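A note on names: the letters A, B, ... follow the listed sequences, proteins ahead of strands, and every chain is numbered from 1. Keep in mind the model is a prediction, meaning the values are calculated, not measured.
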Amino acid sequence: MRLTQLPLTTFKEVPADAEIVSHQLMLRAGLIRRLSSGLFTWMPLGLRVLRKVEQIIREEMDRAGALEILMPVVQPAELWKETGRWDIYGDLLLRIRDRHERDYCFAPTAEEVVTEIARRELRSYKQLPVNYYQINTKFRDEIRPRFGVMRAREFVMKDAYSFHLDQASLDGTYERMAEAYTRIFTRLGLRFRKVDAHGGEIGGSKSQEFHVLADSGEDQIAWCEGDSFAANVELAPALPPRLPRPAASATPDRVPTPGVRSIDDVAAFLKIGTRQCLKTLIVEGNEGGLVALCLRGDHELNPLKAERLAGVARPLRMAAPERVLAELGAPVGSLGPVGLTIPLFADHSAGAMADFACGANAPDTHLTGVNWQRDLPEPATHDLRNVEAGDLSPGGGGTLSIARGVEVGHIFQLGDKYSQSMHATVLDQDGKERVMTMGCYGIGVSRIVGAAIEQNHDANGIIWPEPMSPYDVMLIELNPKKSESVTAAALKLYNDLQAAGFEVLLDDRDARPGVKFADADLVGITHRIVVGERGVKDGKAEYRHRPTGAEEQTALEDVVEFLRNRQASAARG
RNA sequence: CGGGGUGUAGCUCAGCUUGGUAGAGCGCUUGCUUCGGGAGCAAGAGGUCGCAGGUUCGAAUCCUGUCACCCCGACCA
């Protein structure tokens with residue numbers, strides 16, 4: 001493709017409504033254009049990237065034995081009513097009505113439709129297992145779309161659904177999908193991690209997520225180098241401290257702390273570390289009352305863990321500050337476990353504290369030198385906090401590392417949640433009707449494009465992992481109007497490279513060199529070849545590798561060979 | 001949906017407090033000079049100031065309503 005034929009509009013300035021780099025760069029490089037909140041047009045260059053991602057996914061899904069189908073994006077309400085999700089799914093589901101006043105929705109996912117297909121098509125255990133997949137548009141009416149393509153309302157997802165007679169078969173396909181995903185993200189050239197996850201609202205039991213590592217990621221994941229432990233921080237168990245609680249040594253004291261509220265304030269005011277402070281959080285109980293949760297001051301509450309406690313409301317809700325003040329007689333900033341009459345749960349680490357500071361349950365007052373057992377009853381301890389870097393791994397192999405990630409893939413074992421309610425059955429060996437068991441496997445295709453940029457960019461622009469690069473080669477001819485020999489050399493290279501199977505983007509615009517270089521960096525194509533008067537005189541072209549910035553000269557007639565070697569060495573890794 | 005903020009040229013923004021008939025930089029068009037990391041000069045095109053009401057002799061500016069977008073929270077590929 002010649003740039004004179006492709007109207008590429010790039011921006012020097014950062015669009016005001018884009019917050020994260022990937023969104024900014026995608027807009028600046030002309031990959032996408034926003035139509036409306038959470039709705040984007042994929043422009044020619046962006047679409048090429050999206051298609052490359054799709055293709056790799058398609059190849060690996062096919063290799064893993066999955067069957068590609070294409071389901072409607074508009075789905076009838078009746079199916080969703082069968083599983084009950086018409087009512088449960090809520091406002092995320094975009095509902096529409098046709099001319100006959102019949103209800104439909106725009107697919108946020110396709111369990112219902114695929115289960116409908118399966119119950120019609122699959123009759124015998126001999127046909128199982130079957131794994132259907134599609135790469136298709138989804139719509140979720142997110143409360144707050146943001147981060148460009150990373151959380152759009154309309155997006156491209158690869159969704160797969162497998163059907164089995166028994167758990168063993170499901171386990172097998174689940175593992176094959178985990179392997180396929182690992183191959184996909186490896187082939188895409190992304191740094192990623194597979195972690196244990198919780199199933200969310202889709203239901204089911206076993207579930208793992210694939211995260212592209214990026215500092216801007218919304219999720220935190222924890223893993224241990226020394227063992228196989230890897231989990232979303234939501235799920236990672238925090239082990240009780242190894243050392244027993246130190247003996248009480250301080251004498252209890254009551255300290256006026258006017259205006260001191262947060263743990264940081266308390267620690268600073270008392271001139272102690274936040275880990276010497278105990279924080280008391282009040283959440284709603286499941287029978288209308290309140291429940292207290294105690295954590296070490298430097299720890300963070302894990303809501304998922306807390307809502308599993310007996311007596312705690314699900315989902316977890318923090319108690320309103322007014323209610324806390326009214327029922328406990330102290331504002332949120334001055335609470336502590338001493339003398340509390342509501343049910344109390346302490347995190348393991350909180351239970352291991354000695355001589356700690358905490359609120360006194362009186363306005364603007366704190367206690368210091370407090371000790372369990374001596375000053376208040378021994379608490380029931382549970383795992384209530386998020387793990388932190390340096391915590392012991394539950395796998396026993398050492399300590400945990402923590403990083404941020406963007407969730408780009410999620411695999412689940414669904415069990416019979418959908419097949420049961422939709423009565424998707426086959427006959428088994430004994431001629432008995434059996435409800436199939438299911439797995440489902442998603443990849444956020446369009447999100448991968450954003451995540452890849454989050455992970456791979458510099459001050460000048462995007463740095464595509466080679467497999468995602470919209471073109472193989474960015475060919476730049478410098479000052480085309482000035483020198484016919486340059487134009488001729490560039491054109492010959494353009495044709496030769498294409499004949500050799502390379503996808504080439506030729507910058508034949510009548511623009512200044514600086515503009516071309518800047519655009520090339522912004523767009524981020526892996527290999528760049530410059531043909532200019534200087535080099536052409538000596539029969540040379542100049543090569544530059546976008547990811548490393550490494551430059552080399554090569555004879556014009558050797559460029560094809562040169563790039564072949566480059567690609568080969570990249571493929572070897 | 002709750003809280004905060006913004007809507008002025010394709011993009012980034014100024015002008016609004018104190019009403020007087022629309023601006024800058026980048027981009028775009030044309031010409032000349034330039035030409036190896038976002039050129040210079042000159043001449044242009046381009047905006048019913050988000051929309052609708054209201055106040056006023058007069059509204060981008062003040063008032064009311066409305067819509068859109070962005071940020072913070074719960075959700076997720």
Taking any heavy-atom pair under 4.0 Å as a contact, classify A:Gly444: base, sugar-phosphate, or nothing.
base
Side chain of A:Arg140 only, please: which of B:C76, B:C13, B:G38 is the nearest?
B:C76
Distance between P atoms of B:G10 and B:C51 (Å, rounded)
13 Å
Could you tell me how far apart A:Arg317 (CZ) and B:G73 (C1') are, to the nearest whole angstrom?
16 Å
Checking only heavy atoms, does the side chain of A:Glu13 share a donor-acceptor pair with the base of B:G25 at less than 3.5 Å?
yes
Are A:Glu209 and A:Lys194 ion-paired here, with the side-chain N under 4.0 Å from a carboxylate O?
no
Under 4.0 Å, counting only non-hydrogen atoms across every strand here, what does A:Asn479 touch: a base, just sugar-phosphate, or nothing?
base
How are the rings of A:Phe192 and A:Phe185 set to each other: parallel, tilted or perpendicular (split at 30° and 60°)?
tilted
Per atom distances to the A:Phe11 side chain, the nearest of B:A77, B:C11, B:C76 is B:C11
Base, sugar-phosphate, or nothing for A:Leu478, non-hydrogen atoms under 4.0 angstrom?
base
Just checking A:Gly409: base, sugar-phosphate only, or nothing, at a heavy-atom cut-off of under 4.0 Å?
sugar-phosphate
Under a 4.0 Å N-O cut-off, is there an ion pair linking A:Asp159 with A:Lys138?
yes
For nucleotides B:G15 and B:G54, find the distance between their C1' atoms and express it as a whole number of Å.
24 Å
Partner of B:A39 under the Watson-Crick or G-U wobble criteria, both distances under 3.5 Å, comes out as B:U33
Touch check for A:Val14, heavy atoms < 4.0 angstrom, all strands: base, sugar-phosphate only, or nothing?
sugar-phosphate
For A:Ala152, report the nucleic acid contact type (base, sugar-phosphate, nothing); a contact means any heavy atom under 4.0 Å.
base
Pairwise C1' distance for B:C16 and B:G2, with rounding to whole Å:
29 Å
Distance check needed: B:G38 C1' versus A:Asn460 CG, whole Å only.
11 Å
Quick check for you: among B:G27, B:C69, B:G73, whose closest atom lies nearest to any side-chain atom of A:Ile143?
B:G73
Taking any strand in view, what nucleotide pairs with B:G53 in a Watson-Crick or G-U wobble way, both distances under 3.5 Å?
B:C63
Considering only atom C1', compute the distance from B:G44 to B:G27 and round it to an integer number of Å.
14 Å
Quick one: on RNA chain B, does A:Arg447 or A:Pro145 contact a more 5' nucleotide (nearest heavy atom)?
A:Pro145
Given side chains that start at C-beta, do those of A:Arg51 and A:Val445 come closer than 4.5 Å, heavy atoms only?
no
Out of B:G37, B:A77, B:C35, which has the shortest distance to the side chain of A:Glu407?
B:A77
Is the phosphate of B:G38, meaning OP1 or OP2, less than 4.0 Å from a side-chain N or O of A:Thr10?
no
Contact nearer the 5' end of RNA chain B, comparing A:Glu533 with A:Glu142
A:Glu533
Using the C1' atom as the point on both nucleotides, what is the distance between B:U29 and B:A77, in whole Å?
44 Å
Check this for me: does any side-chain nitrogen of one of A:Glu19 and A:Arg146 sit under 4.0 Å from a carboxylate oxygen of the other?
no
Identify whether any heavy atom of A:Val408 sits under 4.0 Å from a base atom; if not, whether one sits that close to sugar-phosphate; answer base, sugar-phosphate or nothing.
sugar-phosphate
Taking a pair to mean Watson-Crick or G-U wobble geometry with both distances below 3.5 Å, B:U18 pairs with none
Base partner of B:C1, which must satisfy Watson-Crick or wobble distances under 3.5 Å:
B:G73
Rounded to whole Å, the CG-P distance (A:Leu94 to B:C76) equals 18 Å
In whole angstrom, give the distance that lies between atom NE2 of A:His211 and atom C1' of B:C76.
11 Å
Report yes if at least one side-chain N or O of A:Arg146 is closer than 4.0 Å to OP1 or OP2 of B:A74; otherwise report no.
no
Under 4.0 angstrom between A:Ser36 side-chain N/O and B:C69 OP1 or OP2
yes
Provide, to the nearest angstrom, the distance between the CD atom belonging to A:Glu154 and the P atom belonging to B:C76.
20 Å
Determine, for A:Trp464 and A:Arg546, whether the Lys NZ or Arg CZ falls below 6.0 Å from the six-membered ring centre while staying within 45 degrees of the axis.
no
Report the relative orientation of the aromatic rings in A:His410 and A:Phe412; use parallel for angles under 30°, tilted for 30 to 60°, perpendicular for over 60°.
parallel
Can you tell me the distance, in whole Å, between the CG atom of A:Asp519 and the C1' atom of B:C26?
14 Å
Between A:Trp80 and A:Tyr89, how do the two ring planes meet: parallel, tilted or perpendicular, split at 30° and 60°?
perpendicular
B:G23 -> Watson-Crick or G-U wobble partner, both distances under 3.5 Å, gives B:C13
Could you tell me how the ring of A:Tyr543 sits relative to the ring of A:His527: parallel (under 30°), tilted (30 to 60°) or perpendicular (over 60°)?
tilted
Does B:G44 have a Watson-Crick or wobble partner in any strand here, with both distances under 3.5 angstrom, and which is it?
B:C28
Looking at every strand, decide which applies to A:Arg544 at a 4.0 Å heavy-atom threshold: base, sugar-phosphate, or nothing.
base
Could you work out the separation of B:A59 and B:A24 based on their P atoms and round it to a whole Å?
24 Å
Heavy atoms under 4.0 Å, any strand shown: does A:Arg28 hit a base, just sugar-phosphate, or nothing?
base
For the side chain of A:Arg512, counting heavy atoms from C-beta on, which of B:C75, B:G38, B:C35 is nearest?
B:C35
Does A:Arg144 make a side-chain N or O approach to OP1 or OP2 of B:C70 shorter than 4.0 Å?
no
Given B:G37, B:G27, B:C69, which nucleotide is nearest the side-chain atoms of A:Ser37?
B:C69
From CD of A:Glu19 over to C1' of B:U6, roughly how many Å is that when rounded to an integer?
14 Å
Touch check for A:Asp91, heavy atoms < 4.0 angstrom, all strands: base, sugar-phosphate only, or nothing?
nothing
Think A:Arg151 has a side-chain N or O under 4.0 angstrom from the OP1 or OP2 of B:C75?
no
What is the nucleic acid contact for A:Gly450, judged by heavy atoms within less than 4.0 Å: base, sugar-phosphate only, or nothing?
nothing
Contact class for A:Arg509 (heavy atom, under 4.0 Å): base, sugar-phosphate, or nothing?
nothing
Take the protein atom CZ of A:Arg546 and the nucleotide atom P of B:G37, then report the distance between them rounded to whole Å.
17 Å
For B:A68, give its Watson-Crick or G-U wobble partner with both distances under 3.5 Å, or none.
B:U6
Report yes or no: is the ring centroid of A:Phe155 under 5.5 Å from the six-membered base ring centroid of B:A77, with the two planes under 30 degrees?
yes
Can you check the distance between B:G47 and B:A42, where both ends of the measurement are the C1' atom (answer in whole Å)?
24 Å
Smallest separation among heavy atoms of A:Ala236 and A:Val387, with atom names
O-CG1, 3.5 Å
For B:A68 versus B:G25, give the span between their C1' atoms, rounded off to a whole number of Å.
26 Å
